[in-house]
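First the proteins, then the strands, lettered A, B, ... as listed; each starts at 1. From a predicted model like this one, the values you see are computed outputs, not experimental measurements.
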Amino acid sequence: MKRVGVFVCWCGSNIAATVDIERVIAAARKMPNVVYASDNKYMCSELGQASIRESIEKENITRVVIASCSPRMHENTFRKTVAAAGLNPFYLEIANIREHCSWVHKEGEVGTVKAISLVRTAVAKAARNEPLTPSSLQITKRALVIGAGIAGIQAALDIADSGYQVDLVEKEPSIGGRMAQLDKTFPTLDCSACILTPKMVDVAQHDNITLHTYSVVEKVDGYVGNFTATIRKKSRGIDMEKCTGCGICYEKCPVKVDSEFEAGMAKRRAIYVPFPQAVPNKPVIDRENCRYFTQGKCKVCQKLCPAGAVDYELEDEVLTVEYGAIVVATGFDILDLQAYGEYGYGKHPDVLTSLEFERLVNASGPTGGKILRPSDGKPPRTVAFIQCVGSRDQAKGKAYCSKVCCMYTAKHAILLREKVPGAKPIVFYIDVRTPGKDYEEFYNRATDEYGATYIRGQVGKVYPEGDRLIIRGVDSLSARPVELEVDMVVLAVAVTARADAAGVGRMLGITTNAHQFFNEAHPKLRPVETHSAGIYLAGMCQGPKDIPEAVAQASAAAVKVVGLLNKDSLVGNPTVANVDESMCSGCLECTQVCPYDAIKEKSITERRGRETLTRTVAEVNEGLCQGCGACSVACRPGANNLKGFTNEQILAEVDAVCL
Amino acid sequence: MSVAKEGFEPLIVAFCCNWCSYAGADLAGTGRMPYPANVRIVRVPCSSRVNPSFVIRAFQRGADGVIVAGCHPGDCHYHSGNFFTRRRLSVLRRLLEYMGIEPERFQVRWISGSEGAKFAQVMTDLTADIRALGPNRKLRDAL
């Protein structure tokens, strides 16, 4: 017979002022299987815990019920107490007589009656508690970082510096991400490339980092400590061993297409290096546009290559690698402006997105850093910057604030004044948001020192008149319409999640919010973890943030990864689903409802009389199972049960509640 | 059917998922938000752990009302558990109705870990509903 001990906590006066502890103890002593009941002013105190341990030993108690605060508060504390007394820690049940009772039922004696009922319920369950042993999981000491923008680079460097192997996977031909496209960075006006490229080189040269560019992660299986990823290294058409990166191959390529890196402001060839500081600084053949691949002839680059590195027959390479942890740093896209025809983007060459303007300002950009109108190549005298294009727009854009636009627009205003003396920056804004160290001061410099004009209000229409652009809007502070003649319009377009974010989320088993940004495990207290153990987030893929925030989050994710990889083994969650093979009919309904793909079919051979039969049953992977219990309910023959929350335990609780 | 409603105190079994609704109940406690003591919580990891048979068992054993509370759809700690809850229990609800149980006696609600006030309100309303219905006599085991 199970010997249940009941320990009732006063929690000072928190419980004892409402619940009659004496009556609870007296009632507990009469409950089935209860051999002992006592109280303490503070069960969680060292003295209280010692009294539990002593009573367990003295009274030979085999199951423990503690009536106290919520199990969400002290379940772990008391499990350790129970374990210290030599019992299995899962022999413990907690009756929540504080949050669910004394704090909410202060009238008359209902609190005492309910406390007794809660104790009876816990006793009924505890008597059916089985010993549970957490499984021990091995950890593969290698990390995968997906995305090699500044966040992915930082995370990879930090993990690698801590002594662990990192595979950094980037889908573009070069690492660097969005930051590589930027000119200066706020609020210091550091040159973006000057602070980024040393990190890119560090990545390339680090002994612990294996770089896979022009590669995509196609599949991720497994669980914390034991992930298996399939990585497709797309064929560059270049033998990377032979290529010296001399650049002769692309000089004579006859194909010219818009350069993605230049945001379409310049052309690139079909064989190309995306930008001069690219890492690796070796070309790639864009098969969609290459004349050899589209028309079957050309081969100019192959003829020119002095190293014989161009090889059109090279095929994709598919790698399968095991990892202990994953950092997701897949970055962001920019909102498609189709719904915003009023700004004239795409119709008038002098209406630019801020990313295009960024390239226009950049010394290595299409104009060599001169701010010139795309239409006539003349420097603009007046430039209008329109904020919140798609951000904070519930009607047809994104409801959220993109966070970086206010600051980069102040930067653009300053850069415009520096590069085109006498030019007038005019900013249309809803609110100017500058939280951040030295940010407000930077914005003040744009207005005070550089004379940027800020007009609070939105723009309704942009249209050409002659060779200039007319802006029609409203000044909401004076409530007057505004009409301005400008030479260039720059749109601060909303940042968005990657178009493929939902698919990537499904592949990894992590969730996204309504805007497809990846969800962190807790918005405040677990900002870099996901709900899938062992998968961490860094950078814009989790939500709009600027460079310092992305870097900080990346380093935080790296610490989480290193902390995980540092362990010798992982302690699994023991409250997992369990299949009784003798009862399993092999219908595999359970596999359909499992959100973690933790149940697989398995063949078993058994003897029935003289015959040997082979049949299918379900098998739970305890490393993957998170213990939700959806499968236990789906099981028709009742073979599947959830440890710690078995059908028998819950039914016993229901019976006890209804007594 | 004549039911003595005077002095009737209904017994309500609440299956609460550990991550949202149980935490919501904890928050109602921390915030000292009173609700009727008729409600007894059974903690389950996820609302999808609630087998319809648990609900029927509660009615058989004399519960006057049963509520299953979980995370809001889309916010399930286990990604998708509460979608199964929603489907399974809407079928159960129709079965109970077919058996002659008033549909108000069995409810499914989404209460997050930050909705302590909602928890208290839902339980208060539910208790009032059941009190008005009177005792569950239909599915109760013959005593």
Novice: Any heavy-atom pair between the side chains of B:Val50 and A:Val633 that's under 4.5 Å?
Specialist: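 No - every pair of side-chain heavy atoms lies 4.5 Å or more apart.
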
Novice: Would you mind checking which part of A:Ala514 comes under 4.5 Å of any heavy atom in chain B, side chain (CB onward), backbone (N, CA, C, O), both or neither?
Specialist: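 Nothing of A:Ala514, per the 4.5 Å heavy-atom cut-off to chain B.
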
Novice: Below 4.5 Å, heavy atoms only, C-beta onward: do B:Ile41 and A:Asn96 meet side chain to side chain?
Specialist: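 No. Closest side-chain heavy atoms not under 4.5 Å.
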
Novice: Is it the side chain or the backbone of B:Val66 that comes within 4.5 Å of chain A heavy atoms, both, or neither?
Specialist: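 Neither part.
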
Novice: Indicate the atoms forming the closest heavy-atom contact of A:Cys658 with B:Val13, along with that distance.
Specialist: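 The answer is SG-CG2, 4.0 Å.
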
Novice: Who wins among A:Cys101, A:Ala634, A:Gly111, A:Pro71 for the most heavy-atom pairs under 4.5 Å with chain B?
Specialist: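 When all of A:Cys101, A:Ala634, A:Gly111, A:Pro71 are compared, A:Pro71 has the most.
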
Novice: Find the one option among B:Ser80, B:Gly62, B:Ala23, B:Ala28 whose heavy-atom pairs under 4.5 Å with chain A are most numerous.
Specialist: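 Highest number of pairs under 4.5 Å: B:Ala23.
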
Novice: Measure the spacing between OG of A:Ser70 and CZ of B:Arg43 and express it to the nearest 0.5 Å.
Specialist: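 Separation between the atoms: 6.5 Å.
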
Novice: Measure the spacing between OG1 of A:Thr575 and CZ of B:Arg49 and express it to the nearest 0.5 Å.
Specialist: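 Rounded to the nearest 0.5 Å, the OG1-CZ separation comes to 11.0 Å.
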
Novice: Of all of A:Ala630, A:Cys631, A:Gly629, A:Gly644, which one pairs up most often with chain B through heavy atoms under 4.5 Å apart?
Specialist: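 Answer, by heavy-atom pair count under 4.5 Å with chain B: A:Ala630.
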
Novice: With a 4.5 angstrom heavy-atom cut-off, is it the side chain or the backbone of A:Ile650 that approaches chain B, or both, or neither?
Specialist: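 For A:Ile650, the side chain is the part near chain B, not the backbone.
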
Novice: Residues in salt bridge (Lys or Arg N to Asp or Glu O under 4.0 Å) with A:Glu648, at least two apart?
Specialist: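 With sequence neighbours excluded, A:Glu648 shows a salt bridge (Lys or Arg N to Asp or Glu O under 4.0 Å) to no residue whatsoever.
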
Novice: With a 4.5 angstrom heavy-atom cut-off, which part of B:Phe84 approaches chain A: side chain, backbone, both or neither?
Specialist: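 The side chain, not the backbone.
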
Novice: Nearest heavy-atom pair of A:Val110 and B:Ala37: which atoms, and what distance?
Specialist: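 So the two residues come closest at CB-CB, 3.8 Å.
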
Novice: For A:Cys584, which residues count as a side chain to side chain contact (heavy atoms under 4.5 Å, CB included) partner, sequence neighbours excluded?
Specialist: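 If we apply the side chain to side chain contact (heavy atoms under 4.5 Å, CB included) test to A:Cys584, skipping adjacent residues, the hits are A:Val579, A:Val617, A:Ala618, A:Ala639.
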
Novice: I need the contact set between residues 588-598 of chain A and chain B: heavy-atom distance under 4.5 Å, sorted by residue number.
Specialist: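 So far as heavy atoms go, A:Gln592, A:Val593, A:Pro595, A:Tyr596 are the residues that approach chain B to under 4.5 Å.
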
Novice: Please check if atom CD in A:Glu107 has more than 12 non-hydrogen atoms from other residues, nucleotides or ligands closer than 6.0 Å.
Specialist: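 For A:Glu107, atom CD is not crowded (no more than 12 foreign heavy atoms under 6.0 Å).
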
Novice: May I have the step-by-step check of side chain to side chain contact (heavy atoms under 4.5 Å, CB included) for A:Arg72 and B:Asn18, ending in yes or no?
Specialist: CA-CA 8 Å; A:Arg72 294 171 57 86; B:Asn18 180 55; 4.0 Å; yes

Novice: Indicate the atoms forming the closest heavy-atom contact of B:Phe54 with A:Leu651, along with that distance.
Specialist: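 Between these two residues, the closest heavy atoms are CD2-CD2, 3.6 Å.
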
Novice: How long is the gap from CG on B:Asp26 to CH2 on A:Trp103, to the nearest 0.5 Å?
Specialist: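 CH2 of A:Trp103 is found 9.0 Å from CG of B:Asp26.
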
Novice: Going from CG on A:Leu659 to CG on B:Leu11, what distance comes out if it is rounded to the nearest 0.5 angstrom?
Specialist: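 Those atoms lie 10.0 Å apart.
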
Novice: Tell me, side chain or backbone of B:Tyr22 under 4.5 Å from chain A's heavy atoms, or both, or neither?
Specialist: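 It is both, since atoms from each part get that close.
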
Novice: Determine the minimum heavy-atom distance between A:Cys628 and B:Cys46, stating which atoms define it.
Specialist: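 In this case the closest contact between A:Cys628 and B:Cys46 is O-CB, 3.5 Å.
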
Novice: Report which part of B:Arg88 has an atom under 4.5 Å of a heavy atom belonging to chain A: side chain, backbone, both, or neither.
Specialist: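 Only the side chain of B:Arg88 comes within 4.5 Å of chain A.
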
Novice: With rounding to the nearest 0.5 angstrom, report the NZ to CG distance, A:Lys114 to B:Asn38.
Specialist: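 If I round to the nearest 0.5 Å, the distance is 8.5 Å.
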
Novice: Identify the heavy atoms of B:Pro45 and A:Leu642 that sit nearest to each other, and give their distance.
Specialist: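 Heavy atoms only, the tightest pair is CG-CD2, 3.5 Å.
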
Novice: With a 4.5 Å cut-off on heavy-atom pairs, point out which of B:Met33, B:His79, B:Gln60 contacts chain A the most.
Specialist: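 The candidate making the most pairs under 4.5 Å is B:His79.
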
Novice: Assess whether atom CZ of A:Arg23 is packed by more than 12 heavy atoms of other residues, nucleotides or ligands within 6.0 Å.
Specialist: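 Result for CZ/A:Arg23: enclosed.
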
Novice: Could you check whether atom CZ of B:Arg32 has more than 12 heavy atoms from other residues, nucleotides or ligands sitting under 6.0 Å from it?
Specialist: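 Yes - once you tally the heavy atoms of other residues, nucleotides and ligands closer than 6.0 Å, there are more than 12.
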
Novice: Just how far is it from atom SG of B:Cys16 to atom NE2 of A:His100, taken to the nearest 0.5 Å?
Specialist: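 Rounded to the nearest 0.5 Å, the SG-NE2 separation comes to 7.0 Å.
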
Novice: May I ask you to decide whether B:Arg57 forms a salt bridge with A:Glu653, counting only side-chain N to carboxylate O separations under 4.0 Å?
Specialist: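 No, this pair does not count.
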
Novice: For the residue pair A:Ser632 and B:Asn51, establish whether any side-chain heavy-atom pair is separated by less than 4.5 Å.
Specialist: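 A side-chain contact under 4.5 Å is absent here.
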
Novice: So for A:Asn513, is it side chain, backbone, both, or neither that comes closer than 4.5 Å to the heavy atoms of chain B?
Specialist: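 Contact with chain B is absent: no heavy atom of A:Asn513 under 4.5 Å.
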
Novice: I'd like to check the salt bridge (Lys or Arg N to Asp or Glu O under 4.0 Å) partners of B:Asp129; sequence neighbours left out, ordered by chain and number.
Specialist: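 Expected list: none.
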
